Amino acid sequence: MLSITLPDGSIRQYEGTVTGLTIAQSIGAGLAKAALAMEVDGKLVDLSLEITEDSSIKFVTRKDEAALELIRHDAAHILAQAVQELFPGTQVTIGPAIENGFYYDFAREEPFKPEDLENIERRMHEIVTRNEAFIRQVMPRDEAIQYFEKIGEHYKAELIRDLPETETISVYQQGPWLDLCRGPHMRTTADVGGAFKLTKVAGAYWRGDSKNAMLSRIYGTAWRDKKELDAYLTQIEEAAKRDHRRIGKEMDLFHLQEDAAGSIFWHPKGWQLYTNLQNYIQRIQRRYGYVEVRTPQLLDRSLWEASGHWEKFRENMFIATVEDEDRTYALKPMNCPCHIQIFNHTLRSYRELPLRMAEFGACHRYEPSGALHGIMRVRSFVQDDAHIFCSEDQITSETAMFVRMLSEVYKDLGFESFRVKFSDRPEKRAGDDSTWDKAENSLKEACEQVGVEFELNQGEGAFYGPKLEFVLRDAIGRDWQCGTLQVDYVLPERLKASYIGEDSARHRPVMLHRAIVGSFERFLGILIEQYAGSFPLWLAPVQVVVATIVNDAEDYAQEVVELLQSKGMNVELDSRNEKINAKIREHSLQHVPVILVVGRKEVEERKVAIRRLGGAAQEVLGLDEAIELLGKEATPPDYNRAPIVKQKLKLECEG
RNA sequence: GCCGACAUAGCUCAGGGGUAGAGCAACUGAUUCGUAAUCAGUAGGUCCUCGGUUCAAUUCCGAGUGUCGGCACCA
């Protein structure tokens with residue numbers, strides 16, 4: 001007798017072994033019809049799987065979120081079948097379900113063209129209507145390899161060869177077509193439904209390695225029903241509207257041009273936004289006890305050789321030479337070695353630690369051409385970089401302080417949540433294993449003590465130390481590393497940083513590399529998308545436009561402008577000979593947060609009509625009151641915040 | 001860097017082997033107007049760059065550059 005526990009706690013008994021389908025049928029015809037797959041003891045499996053032991057099961061129907069992954073995975077199989085029917089000779093490789101959809105990588109001489117998608121999609125719909133059952137078969141390993149080699153599917157054969165010996169080799173058949181697959185799948189191709197769409201073709205390396213062959217990838221999106229699909233497609237369209245490249249153009253914030261690929265021309269409004277952010281970060285850093293420095297752009301290569309960057313990143317560095325001198329310089333790709341120079345310039349005492357040295361450091365890196373992306377990935381950028389020279393026992397409190405600072409900043413800038421990744425030692429690295437053990441452990445311990453939860457990003461650390469990455473997501477759903485915190489025992493060693501300890505002996509400081517926004521360029525790109533161009537008043541490049549209705553209001557409007565300017569605000573006067581409707585429209589499209597409308601009435605009564613972005617209502621206030629109110633509203637969030645007392649902070653962080 | 005697509009007015013885009021067109025923006029004039037487009041007129045182009053085919057190339061072909069979508073990379 002087999003006992004099957006259902007989600008409601010009830011237990012059913014069956015003779016011998018039993019499949020999910022039989023169980024579903026025994027519960028009811030409706031469920032048997034709706035069930036697509038099942039979870040046995042929490043593991044998603046085929047409905048047709050024979051259950052041989054007592055277990056608890058849960059059926060997955062179209063209503064469940066879990067159905068999405070099944071639909072997407074099955075859609076990938078159907079895509080592969082459609083492609084092989086239409087393009088004989090194409091080899092299949094892998095095709096997983098991913099966020100929002102699926103893809104499949106194919107090997108063929110001629111990559112697919114965007115025009116092919118329509119055809120393939122049509123064939124996929126046809127395969128769905130064929131209603132072919134997904135049939136699972138287990139094959140002995142060698143037989144499977146032979147089989148796939150025989151039918152010319154060399155990639156599949158390679159996959160099987162690389163599977164662990166213990167792995168069961170299963171294939172899934174749908175009609176005449178079959179594919180190596182771990183499963184699970186739904187019952188038939190019809191279960192996929194019609195709510196899918198092929199979205200793009202792309203190149204991708206076999207097994208994600210650029211040394212391997214380039215495959216042709218087809219991406220698709222798939223959902224439970226048409227409504228979900230349409231909602232997704234609409235959401236994509238909406239997201240495109242907040243793309244920072246588009247808004248940057250519309251608001252005239254910046255531009256890029258061919259002569260300076262990967263470097264930004266900041267226009268007046270964009271630069272205003274930039275400096276608003278930079279000034280804010282600077283104030284925050286001062287509050288947290290940082291000192292600010294400025295270091296050279298161009299340095300002799302010997303420094304980069306000493307730091308190890310020359311060896312590791314030489315190909316990504318901009319090199320400079322001059323005719324009359326036999327020296328090679330490099331534009332700095334990062335600031336750390338420079339900060340160590342300042343640290344080393346004088347004899348340091350343990351009393352000076354932790355020494356938090358910040359720089360808005362302009363860096364240049366020759367990023368591969370394909371990596372460039374708007375202002376988010378550029379070749380010339382400025383980091384809100386800082387290096388904390390500290391002793392080993394200060395790592396935890398400094399980590400705590402940094403996480404607190406970063407959270408404060410992200411919150412101020414509208415990011416309530418962010419992801420944290422912990423990247424540990426990479427294959428190519430400097431420093432011995434015991435040093436890495438120490439660095440990784442201290443960073444992990446610090447995270448635990450501070451309560452930072454992270455995902456592990458194996459092997460993705462910097463070459464000199466492990467790092468925490470603070471990840472934000474852009475409008476289109478792409479993740480970007482912004483903040484970072486790295487524990488480094490290596491560079492202080494290489495560049496011979498030291499301080500005199502309590503014991504009068506020389507010690508190596510630990511160096512914490514950290515950034516909150518990362519690069520201003522990238523962060524501003526994210527920020528533009530986050531706010532879709534409609535920045536909070538304190539950040540907005542143009543905070544207020546004073547718009548006149550008639551010429552007679554111009555003098556008064558000018559007075560209003562000057563009063564606001566005296567409060568430190570960025571204000572523009574619009575006294576053009578245009579209708580007020582046109583002015584409102586234009587400045588609204590420019591995302592100006594506040595428009596002050598002044599006509600004859602306002603002049604006479606010394607008032608202003610306030611119209612805020614996004615609202616149609618207006619509020620008429622007396623001039624003094626309005627200036628006072630706007631001045632207050634435009635105050636950056638960090639103003640008037642309590643200073644951070646060193647002692648108190650230490651206690652907080654340690655406690 | 002790799003695979004693919006694209007590059008025409010300030011912007012968004014149409015066109016096509018015989019040296020180009022729309023809307024918006026700009027400029028000029030009229031209008032002085034009450035909360036998302038006032039009307040009329042004018043001007044605006046090395047059709048990305050270089051090479052090839054052709055009587056003729058912005059259009060076809062090739063290379064380069066840049067941008068976009070992915071992949072790889074990201075100190």
Side-chain angles (χ1 to χ4, degrees), chain A residues 103 105 110-116 199-219 243 245-246 249-250 252 255-262 304 307-309 312-313 315-317 332-337 363 365-374 377 379 383 385 426 428-430 460-465 467 469 476 478 480-481 484 486 488 491 513 518-519 522 547-554 575-589 595-602 609-618 620:
Chain A
Y103 70 75
D105 285 346
E110 283 275 299
F112 294 106
K113 297 208 169 59
E115 305 87 273
D116 295 331
T199 49
K200 54 198 172 198
V201 292
Y205 295 109
W206 166 236
R207 297 194 145 174
D209 188 334
S210 61
K211 288 194 277 291
N212 290 340
M214 173 71 49
L215 306 171
S216 187
R217 175 174 298 181
I218 297 178
Y219 280 97
D243 190 306
R245 291 164 294 193
R246 176 173 173 159
K249 216 179 263 174
E250 286 168 356
D252 192 24
H255 87 267
L256 292 131
Q257 70 186 43
E258 226 171 303
D259 320 69
W304 304 111
S307 71
H309 290 95
K312 179 112 186 2
F313 291 113
E315 264 117 61
N316 298 305
M317 285 165 69
K332 74 172 167 191
M334 41 137 49
N335 311 295
C336 353
C363 296
R365 295 178 186 173
Y366 183 76
E367 300 287 5
S369 56
L372 300 180
H373 178 91
R377 184 86 183 266
R379 289 179 177 154
Q383 296 175 317
D385 204 3
K428 274 193 187 171
R429 58 181 180 260
E460 298 291 318
F463 76 86
Y464 48 72
K467 62 177 180 180
E469 291 175 46
I476 314 162
R478 282 183 278 221
W480 297 90
Q481 179 198 316
T484 184
Q486 306 163 7
D488 181 5
L491 283 184
H513 306 240
S519 102
R522 169 176 300 180
T548 55
I549 299 176
V550 292
N551 282 349
D552 291 349
E554 191 170 342
S575 59
R576 290 172 309 156
N577 180 10
E578 291 288 347
K579 290 197 159 191
I580 193 63
N581 290 27
K583 293 185 185 182
I584 298 276
R585 178 179 153 82
E586 269 178 45
H587 301 303
S588 298
L589 288 172
I595 302 173
L596 295 184
V597 177
V598 294
R600 286 215 175 79
K601 217 160 62 186
E602 284 74 18
I610 304 180
R611 188 196 160 103
R612 288 169 198 277
L613 184 60
Q618 52 168 330
V620 181

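Lettering follows sequence order; numbering is per chain, from 1. All values derive from a computational prediction rather than experimental measurement.
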N-O pairing of Arg600(A) and Glu602(A) below 4.0 Å: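 Answer for the salt bridge query: no.
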
Inter-nucleotide [atom1] distance ([N], [M]), Å rounded:
{"N": "U67(B)", "M": "U42(B)", "atom1": "P", "result": "39 Å"}
{"N": "G69(B)", "M": "A30(B)", "atom1": "P", "result": "47 Å"}
{"N": "A72(B)", "M": "C13(B)", "atom1": "C1'", "result": "34 Å"}
{"N": "A22(B)", "M": "G44(B)", "atom1": "P", "result": "13 Å"}
{"N": "A20(B)", "M": "G45(B)", "atom1": "C1'", "result": "8 Å"}
{"N": "A57(B)", "M": "C50(B)", "atom1": "P", "result": "13 Å"}
{"N": "A75(B)", "M": "G70(B)", "atom1": "C1'", "result": "25 Å"}
{"N": "A5(B)", "M": "U19(B)", "atom1": "P", "result": "30 Å"}

I'd like to check the side-chain contact (heavy atoms from CB on, under 4.5 Å) partners of [X]; sequence neighbours left out, ordered by chain and number.
{"X": "Glu578(A)", "value": "Arg576(A), Ala582(A), Lys583(A)"}
{"X": "Gln618(A)", "value": "Ala609(A), Val620(A)"}
{"X": "Ala430(A)", "value": "Phe463(A), Val490(A), Arg494(A)"}
{"X": "Asn212(A)", "value": "Trp206(A), Arg207(A), Asp209(A)"}

Does [X] have any side-chain hydrogen bond (donor to acceptor under 3.5 Å, both in side chains) partners at least two apart in sequence or in another chain, and if so, which?
{"X": "His309(A)", "answer": "Ser307(A)"}
{"X": "Glu250(A)", "answer": "Arg246(A)"}
{"X": "Asp252(A)", "answer": "none"}
{"X": "Asp243(A)", "answer": "Arg245(A)"}

Worked check of side-chain hydrogen bond (donor to acceptor under 3.5 Å, both in side chains) between Ser588(A) and Glu586(A): CA-CA 5 Å; Ser588(A) 298; Glu586(A) 269 178 45; over 6 Å; no

Which nucleotides of nucleotides 34-46 of chain B have their base under 4.0 Å from a protein heavy atom (B), which only their sugar-phosphate (S), and which neither (-), written as one string 5' to 3'? BBBBB--------

Sugar-phosphate means primed atoms, P, OP1 and OP2; the rest is base. With that split, encode nucleotides 66-75 of chain B 5' to 3' as B, S or - using protein heavy atoms under 4.0 Å. SSSBBBBBBB

Does CD belonging to Glu315(A) count more than 12 external heavy atoms closer than 6.0 Å?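 No - once you tally the heavy atoms of other residues, nucleotides and ligands closer than 6.0 Å, there are 12 at most.
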
Asp488(A) and Tyr464(A): which non-hydrogen atoms are nearest, and at how many Å?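 That would be OD1-O, 3.3 Å.
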
Let's go through Asn335(A) and Gln383(A) carefully: what are the C-alpha distance in whole Å and the side-chain angles of both, what is the deciding distance for side-chain hydrogen bond (donor to acceptor under 3.5 Å, both in side chains) to 0.1 Å, and is it a yes or a no? CA-CA 9 Å; Asn335(A) 311 295; Gln383(A) 296 175 317; 3.1 Å; yes

Residue whose nearest RNA chain B nucleotide is more 5′ - Leu215(A) or Arg576(A):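 By nearest-heavy-atom nucleotide position, the 5'-most residue is Leu215(A).
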
Watson-Crick or G-U stems involving RNA chain B, each at least 3 pairs long, distances under 3.5 Å, ordered by first number: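 Listed by first number, the stems are B:1-7 with B:65-71, B:10-13 with B:21-24, B:26-30 with B:38-42, B:48-52 with B:60-64.
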
Test your reading of the model: is there a side-chain donor-acceptor pair from Ser519(A) to the backbone of Arg522(A), 3.5 Å cut-off?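 Such a contact is found between Ser519(A) side chain and Arg522(A) backbone.
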
Short N/O separations, protein against nucleotides 10-15 of chain B, under 3.5 angstrom:
unit_1, atom_1, unit_2, atom_2, d
U12(B), OP1, Lys249(A), NZ, 3.0

